[in-house]
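Here's the structure, in structure tokens; my notes come after.
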Amino acid sequence: MIIPRIILCMLVLALAACTVRTVSTDISDIDLIESESSLRTGVPAADDLLNQAEDARRAGDYSAAVNHLERGIRMAPRSPSLYLALAKTRLAMGQYGSATQMAQRTVSLLPAKPRGAEQTAKAEAWIVIAQAREKQGDFDGAERARASAQAVW
């Protein structure tokens, strides 16, 4: 009798692992911009600059945030967290084309099948793209980007 219970428990766990998690793609610009990335660069000095940039962005000092992020990118040019933070900052500044470019760069630097913090970052990047496209009047493009954010999960 013990073996069937173990098998049943394993089956329940396996089915739970197969469930689809959804992420809300209806996040406001402000909530998205103020959210901190849980993804780090792996370079301590660049991580410090990322933290300073996020503090500056939350304080509304976008030019300081951009300065910190661009310096961080020179130190860790393949770090998706820096590009995502820059995309969020550009979105806050109303620089929608640049926000889209930085978010697309984020997506390109992340694995095709991300997990954990990388998964969240990839979904956030797609949401930045959706919001930037929406602000530019590209509602179909925004809808496709939202679908891509949902597909990450």
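Note that the numbering runs from 1 along the sequence shown for the chain. Everything numeric in this text was worked out from a predicted model, so none of it was measured.
Lys122 places a side-chain N or O within donor-acceptor distance of the main-chain N or O of Pro111, the cut-off being under 3.5 Å. Using modelled atom types, no side-chain atom of Tyr96 and backbone atom of Gln131 make a donor-acceptor pair closer than 3.5 Å.
Heavy-atom minimum distance, Pro77 versus Leu109: O-CD1, 4.4 Å. A pairwise comparison of heavy atoms in Ala53 and His68 identifies CB-CB, 3.7 Å as the closest pair. Across all their heavy atoms, Arg133 and Ala145 have their closest contact at NH1-CB, 4.0 Å. Here the closest heavy-atom approach between residue Leu50 and residue Ala85 is recorded as CD1-CB, 3.6 Å. Residues Ser81 and Ser79 come closest through the heavy atom pair OG-OG, 2.9 Å. Here the shortest heavy-atom pairing between Val128 and Ala103 reads CG1-CB, 4.0 Å.
Under a 4.0 Å N-O distance rule, the pair Lys88/Glu124 qualifies as a salt bridge.
Atom OG of residue Ser148 and atom CD of residue Glu143 lie 10.5 Å apart, to the nearest 0.5 angstrom. Going from atom CZ of Arg105 over to atom CD1 of Ile73 covers 9.0 Å, rounded to the nearest 0.5 Å. Between atom CG of residue Asp138 and atom CG of residue Asp140 there is a gap of 6.5 Å, rounded to the nearest 0.5 Å. Here the CD-CG distance, from Gln52 to Asp47, works out to 11.0 Å after rounding to the nearest 0.5 Å. With rounding to the nearest 0.5 angstrom, the OG1 atom of Thr41 is 12.0 Å from the OH atom of Tyr83. Put simply, CZ on Arg144 and CD1 on Ile129 are 11.5 Å apart, with the number rounded to the nearest 0.5 Å.
By the criterion of side-chain heavy atoms lying less than 4.5 angstrom apart, applied directly or through intervening Ile, Leu, Val, Met, Phe, Trp or Tyr residues, Tyr62 is grouped together with Leu69 in one hydrophobic cluster. At a threshold of 4.5 Å between side-chain heavy atoms, the hydrophobic network of Ile, Leu, Val, Met, Phe, Trp and Tyr places Leu110 and Val43 in two separate groups. Put simply, Leu84 and Leu49 are part of two different groups of oily side chains (I, L, V, M, F, W, Y) that touch within less than 4.5 Å, one to the next.
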Apply side-chain contact (heavy atoms from CB on, under 4.5 Å) to the pair Glu134 and Arg146, showing each step before the final yes or no.
CA-CA 11 Å; Glu134 197 169 78; Arg146 280 189 171 69; 3.6 Å; yes

Should Arg58 and Glu54 be marked as a side-chain contact (heavy atoms from CB on, under 4.5 Å) after you check the CA-CA gap, both sets of side-chain angles, and the distance that decides it?
CA-CA 6 Å; Arg58 277 193 305 279; Glu54 288 176 340; 3.7 Å; yes

Val66/Arg90 under side-chain contact (heavy atoms from CB on, under 4.5 Å): CA gap, chis, key distance, verdict:
CA-CA 8 Å; Val66 167; Arg90 296 291 189 191; 3.7 Å; yes

